[in-house]
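Below you'll find the structure, written out as structure tokens, and then a few comments.
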Amino acid sequence: MEKVDVTVIGAGVAGLSAAAELAGEGRELVVVERHDGFGREASSRNSEVIHAGIYYPRGSLKARLCVEGRELLYRLAEEEGIPAKKIGKIIVALDERDLSVLEDLKRRGEENGVGGLRLLSRAEVLEMEPNVRAAGGLFSPETGIIDSHRLMEHFEKRALTSATFAYNCELTGLQKADKGYLVVIRDADGEEFCFLSRVVINAAGVGSQKVAELAGIDTAAAGYTVHPCKGEYFRVRGGPGERTNRLVYPPPTGISLGLHVVIDLQGGVKIGPNAFYVDEIDHTVDEGHLEEFFKGARGYLPALKRESLSPDMAGIRAKLFREGEETRDFVIRSEDDRGLPGLVTLAGIESPGLTASPAIGRYVKTLVGDFI
Ligand SMILES: Cc1cc2nc3c(=O)[nH]c(=O)nc-3n(C[C@H](O)[C@H](O)[C@H](O)COP(=O)(O)OP(=O)(O)OC[C@H]3O[C@@H](n4cnc5c(N)ncnc54)[C@H](O)[C@@H]3O)c2cc1C
């Protein structure tokens, strides 16, 4: 039977980054992806924001890997010609009560090592963003945007030096073997193939729970139950009074960063994402949600017109908690202690997973260390 060193399940930005880091040094890798190319799920269905690292609890993987990933991303973008721009962001206070939230966020961001954060008065917000009405703001100069497709293309190219990409192949079996795992995959024609892999990286996004179950992990006990949470976007095709110069966010909610103004590298503007839990993976946008977007964004962008909004796209977050439950950190861990040496699980890789991606790949490599 064919043997490889490393199998990565999932060609989203996290799996691709891990594959890029593990490539080379004579290692043989396989990347298994059920779609016909990389980044067809969360990794291409997001705001493409390079987060500064403000929101996350001190010492969490989200905070550490976001700050490290952000620095790596800006460097990568410059060295590899990946389109990216440090356009900055303002989190706005919708009314006076939100001002203390901004102060808390500033403190938390600084604890996480985010530089340049500055509280803004009502007048300062207006001066920087003449179309925005707010009681105050928190300016983050380190926040930016990146072309996620070009980033993933870069990781794929690096991985290709020693990886085979098994696109259109779904993982259907994962069994502990003598020295590694018996990996079973099924292609688009329904044909099954199996091979042995010393190391397996579960980077399957919303599919990570299923992959962990295939390996025999009790996912409920392990805390790997995925609660898919959808986020839709509406495009803004309006006049100059309906756009902003920077990313503009309201204060975060328990399960999302709030309906914000997203600016892409071509200058296009969107509002989103909203956040609601779903049972099925369906990326259509419900036109009936237009009013929610209009009312939400009008709170700080008063000239926005209802008729300027049209449905755009949606992504699904692989959350590990429901609304009202305590938020969860990224899970990136070796399953050695569950009797599964060489298996690494990535679960709950929601925002800021895109920003953190270069650091996630490096972190996975440290966990794999002894097994390759
Ligand atoms: C609406 C939204 C907005 C976001 N905004 C931002 C942002 O602005 N900035 C930021 O930093 N982060 C953001 N994020 C988070 C970021 O997009 C994710 O953290 C990141 O894309 C996760 O990458 P991933 O590789 O873990 O998952 P995915 O991109 O979902 O990749 C997982 C892959 O695994 C494959 N797979 C699953 N099961 C199997 C199987 N059995 N066999 C084979 N293949 C399988 C899937 O097809 C998929 O391609 C956002 C996310 C969403 C949903």
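The figures that follow rest on heavy atoms only: side chains count, while hydrogens, waters and symmetry mates do not. Counting starts at 1 for both ligands and their atoms, in listed order.
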Distance from Thr327 atom OG1 to Tyr55 atom OH, nearest 0.5 Å?
-> 14.0 Å
Name the closest protein heavy atom to atom 27 (O) of ligand 1, giving the residue it belongs to and the distance to 0.1 Å.
-> Gly205 CA, 3.9 Å
Would you say Ile9 has any N or O atom under 3.5 Å from an N or O of ligand 1, going by distance alone?
-> no
Closest protein heavy atom (residue, atom, distance) for atom 18 (C) of ligand 1 = Ile349 O, 3.5 Å
Tell me, which protein residue and heavy-atom name are nearest atom 21 (O) of ligand 1, and how many Å apart are they?
-> Ser43 OG, 2.9 Å
Please indicate whether any nitrogen or oxygen in Val13 is less than 3.5 Å from any nitrogen or oxygen in ligand 1.
-> yes
Please test Lys365 against Glu25 for salt bridge (Lys or Arg N to Asp or Glu O under 4.0 Å), starting from the C-alpha separation and ending with a verdict.
-> CA-CA 13 Å; Lys365 191 175 182 184; Glu25 295 167 39; 3.8 Å; yes
Atom 25 (O) of ligand 1 - nearest protein heavy atom and its distance = Ala14 N, 3.1 Å
Is a donor on one side and an acceptor on the other found under 3.5 Å between the side chain of Tyr224 and the backbone of Leu320?
-> no
For His35, atoms of ligand 1 separated by under 4.0 Å from a heavy atom = 47 (O)
Kindly indicate whether the side chain of His149, heavy atoms from C-beta on, has any atom under 4.5 Å from the side chain of Ser44.
-> no
Short question: side chain of Asp329, backbone of Leu61 - any donor-acceptor pair under 3.5 Å?
-> yes
Closest to atom 43 (C) of ligand 1 among protein heavy atoms sits Arg34 N, 3.4 Å
Per-atom filter on ligand 1: closer than 4.0 angstrom to a heavy atom of Gly315 are 53 (C)
Subset of ligand 1 atoms that lie under 4.0 Å from at least one heavy atom of Val32 | 43 (C), 44 (N)
In terms of atom number and element, which parts of ligand 1 are under 4.0 angstrom from non-hydrogen atoms of Leu354?
-> 10 (C), 11 (O), 12 (N), 16 (C), 19 (O)
Determine whether Leu346 and Val331 make a side-chain contact, defined as any pair of heavy atoms from C-beta on separated by less than 4.5 Å.
-> no
Ligand 1 versus Ala203, non-hydrogen atoms closer than 4.0 Å: side chain, backbone, both, neither?
-> backbone
What atoms of ligand 1 come closer than 4.0 angstrom to any heavy atom of Glu48?
-> 8 (O)
Point-to-point distance, once rounded to the nearest 0.5 Å, from CD of Glu33 to CZ of Phe38 | 10.5 Å
Which heavy atom of the protein is the closest neighbour of atom 50 (C) of ligand 1, given with residue, atom name and distance?
-> Asn46 CB, 3.3 Å
Look at the side-chain heavy atoms of Ile, Leu, Val, Met, Phe, Trp and Tyr, link any pair under 4.5 Å apart, and say whether Ile146 and Val261 land in one connected group.
-> no
Ligand-residue contact atoms, ligand 1 with Val49, heavy atoms, under 4.0 Å = 7 (C), 8 (O), 9 (N), 10 (C), 11 (O)
List the closest protein heavy-atom neighbour of atom 52 (C) of ligand 1: residue, atom name, distance to the nearest 0.1 Å.
-> Arg45 O, 3.7 Å
Is it the case that His35 and Glu41 place a side-chain donor and acceptor less than 3.5 Å from each other?
-> yes
Would you mind listing which atoms of ligand 1 come within a distance below 4.0 Å of any non-hydrogen atom of Ile316?
-> 53 (C)
To which of Ser47, Cys169, Gly353 does the heavy atom nearest atom 5 (N) of ligand 1 belong?
-> Ser47
Between atom CD1 of Ile263 and atom OG of Ser47, what is the distance when rounded to the nearest 0.5 Å?
-> 11.5 Å
Judged by atom type as modelled, is there a donor-acceptor pair below 3.5 Å linking the side chain of Arg70 to the main-chain atoms of Glu68?
-> no
Among protein heavy atoms, which lies nearest atom 13 (C) of ligand 1, and at what distance?
-> Ser351 OG, 3.6 Å
What about Tyr233: any of its N or O atoms under 3.5 Å from an N or O on ligand 1?
-> no
Heavy-atom contacts with Gly10 under 4.0 Å: which atoms of ligand 1 show up? List them by number with element.
-> 33 (C), 34 (O), 35 (C)
Just checking, is any N or O donor in the side chain of Glu28 or Ser162 under 3.5 Å from an acceptor N or O on the other one?
-> no
Which segment of His51 sits under 4.0 Å of ligand 1 when only heavy atoms are counted = side chain
Lys86 NZ/CZ over Tyr74 ring centroid, <6.0 Å and within 45° of normal = yes
